[in-house]
> 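One structure coming up, written as structure tokens, with questions to follow.
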Amino acid sequence: MAYWLMKSEPDEVSFADVLAAPKQTTAWFGVRNYQARNFMRDAMRVGDGVLFYHSSCAVPGIAGLAEVASAPYPDESQFDPKSAYHDPKATRAQPRWISIDVRATHAIPFIPLTELRTIPALEEMVLLRKGSRLSISPVTAAEWRAVLKHAGVKP
DNA sequence: GCCAACGTTGGC
DNA sequence: GCCAACGTTGGC
């Protein structure tokens with residue numbers, strides 16, 4: 001069991017949106033960064049824990065807990081010429097980009113980025129490293145526990 | 001809207 | 001395979 005942090009722009013898909021979705025599940029599409037894609041393709045497993053992070057918004061931070069809910073599959077939006085995520089170099093025979101399903105599990109009291117930076121156990125967190133822009137990043141078990149503890153959630 | 005820090009592209 | 005130019009991310 002591994003842990004991850006996934007960034008979403010709440011204007012696009014917020015944690016509340018996923019909680020309200022059928023089966024509390026959403027397809028995580030539109031990842032167009034190879035490192036993030038490779039995490040989904042090679043490392044993320046059904047049941048892995050996910051910190052659902054809101055980025056590019058007034059108050060960025062962790063909004064809730066989720067889990068990986070599917071194996072990887074081709075991201076449909078790469079084939080759609082009308083999509084902002086269209087990739088003319090991708091073909092159905094050789095897809096470039098993949099999606100996974102993510103299921104929201106627990107709402108937690110929102111933890112702003114500024115607050116995350118004050119938690120000593122999170123000092124080395126990939127998200128908090130200078131220049132880090134990855135939309136999907138690994139989270140250690142210790143970091144996961146520290147976030148849950150901070151949020152007052154029983155593991 | 002600014003801009004630092006990255007990532008990608010494409011000419012050579 | 002280098003690297004300059006360009007594009008994107010994302011906090012502020």
Side-chain angles (χ1 to χ4, degrees), chain A residues 2-21 26-44 48-70 72-140 142-144 146-151:
Chain A
Y3 303 96
W4 308 92
L5 180 140
M6 300 177 82
K7 294 180 185 173
S8 183
E9 299 188 16
D11 290 348
E12 304 291 329
V13 182
S14 71
F15 185 73
D17 292 338
V18 184
L19 267 185
T26 191
W28 208 272
F29 64 94
V31 170
R32 293 295 180 268
N33 170 280
Y34 289 104
Q35 208 177 339
R37 179 202 68 180
N38 294 349
F39 285 139
M40 290 197 289
R41 187 188 63 191
D42 305 331
M44 297 174 83
D48 280 0
V50 172
L51 300 174
F52 195 110
Y53 182 87
H54 285 176
S55 69
S56 296
C57 53
V59 187
I62 294 172
L65 306 182
E67 66 180 12
V68 176
S70 81
Y73 57 91
D75 178 340
E76 272 302 311
S77 65
Q78 71 191 302
F79 307 125
D80 180 2
K82 291 190 288 290
S83 168
Y85 298 113
H86 179 238
D87 184 343
K89 291 181 181 166
T91 65
R92 289 196 181 269
Q94 283 191 304
R96 258 198 199 192
W97 305 109
I98 60 168
S99 294
I100 57 171
D101 290 346
V102 172
R103 188 175 77 86
T105 54
H106 307 281
I108 61 168
F110 187 81
I111 311 175
L113 176 61
T114 50
E115 206 167 306
L116 292 171
R117 292 196 186 281
T118 68
I119 302 173
L122 301 184
E123 259 178 18
E124 300 294 315
M125 198 176 189
V126 174
L127 170 79
L128 304 181
R129 287 184 196 159
K130 185 173 158 64
S132 178
R133 301 188 317 185
L134 270 178
S135 62
I136 300 175
S137 56
V139 171
T140 68
E143 289 162 354
W144 175 267
V147 170
L148 265 58
K149 186 180 173 191
H150 190 85

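Predicted, not measured: the structure shown is a model, and the values here were computed from it. Below, read A as the first sequence line, B as the second, and so on, with proteins coming before strands; counting in each chain starts at 1.
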> Expressed as a whole number of angstroms, how long is the span from A:D11:CG to C:dG10:C1'?
13 Å
> So, using ring-ring contact (aromatic ring centres under 6.0 Å, His included) as the criterion, who are the partners of A:Y73 when residues are at least two apart?
none
> Taking the side chain as everything from C-beta on, heavy atoms only, tell me whether A:L65 gets closer than 4.5 Å to A:L148.
yes
> Can a donor-acceptor pair be found between the side chains of A:Y34 and A:R96 at a distance below 3.5 Å?
yes
> How about A:F29: does its CZ atom have over 12 heavy atoms from other parts shown lying under 6.0 Å from it?
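No, the 6.0 Å shell around CZ holds no more than 12 heavy atoms from other groups.
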> Return the value, rounded to whole Å, for the distance between atom CZ of A:R117 and atom C1' of C:dG11.
8 Å
> Can you sort out the partners of A:R32 under side chain to side chain donor-acceptor pair (under 3.5 Å), two or more places apart, ordered by chain and number?
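Listed in chain order: A:D75, A:S77.
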> Which residues pass the side chain to side chain donor-acceptor pair (under 3.5 Å) test with A:R117, sequence neighbours left out?
none
> For A:F52, which residues count as a ring-ring contact (aromatic ring centres under 6.0 Å, His included) partner, sequence neighbours excluded?
A:F15, A:W28, A:H54
> Measure the shortest side-chain to side-chain distance between A:L51 and A:Y3 over non-hydrogen atoms and say whether it is less than 4.5 angstrom.
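When only atoms from C-beta onward are counted, A:Y3 and A:L51 do not touch, as no gap falls below 4.5 Å.
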> With Watson-Crick and G-U wobble geometry limited to distances under 3.5 Å, how should the secondary structure of DNA chain B be encoded in dot-bracket form, using | for bases paired to another strand and [ ] for crossing pairs?
||||||||||||
> Quick one: A:L128 CG to C:dG11 C1', roughly how many Å, whole number?
12 Å
> Roughly, in whole Å, what's the span from NE2 in A:H54 to P in C:dC12?
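It is 17 Å, rounded to the nearest whole Å.
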> Going 5' to 3' along nucleotides 3-9 of chain B, which nucleotides have protein heavy atoms under 4.0 Å from the base (write B), which only from the sugar-phosphate (write S), and which from neither (write -)?
--BBSS-
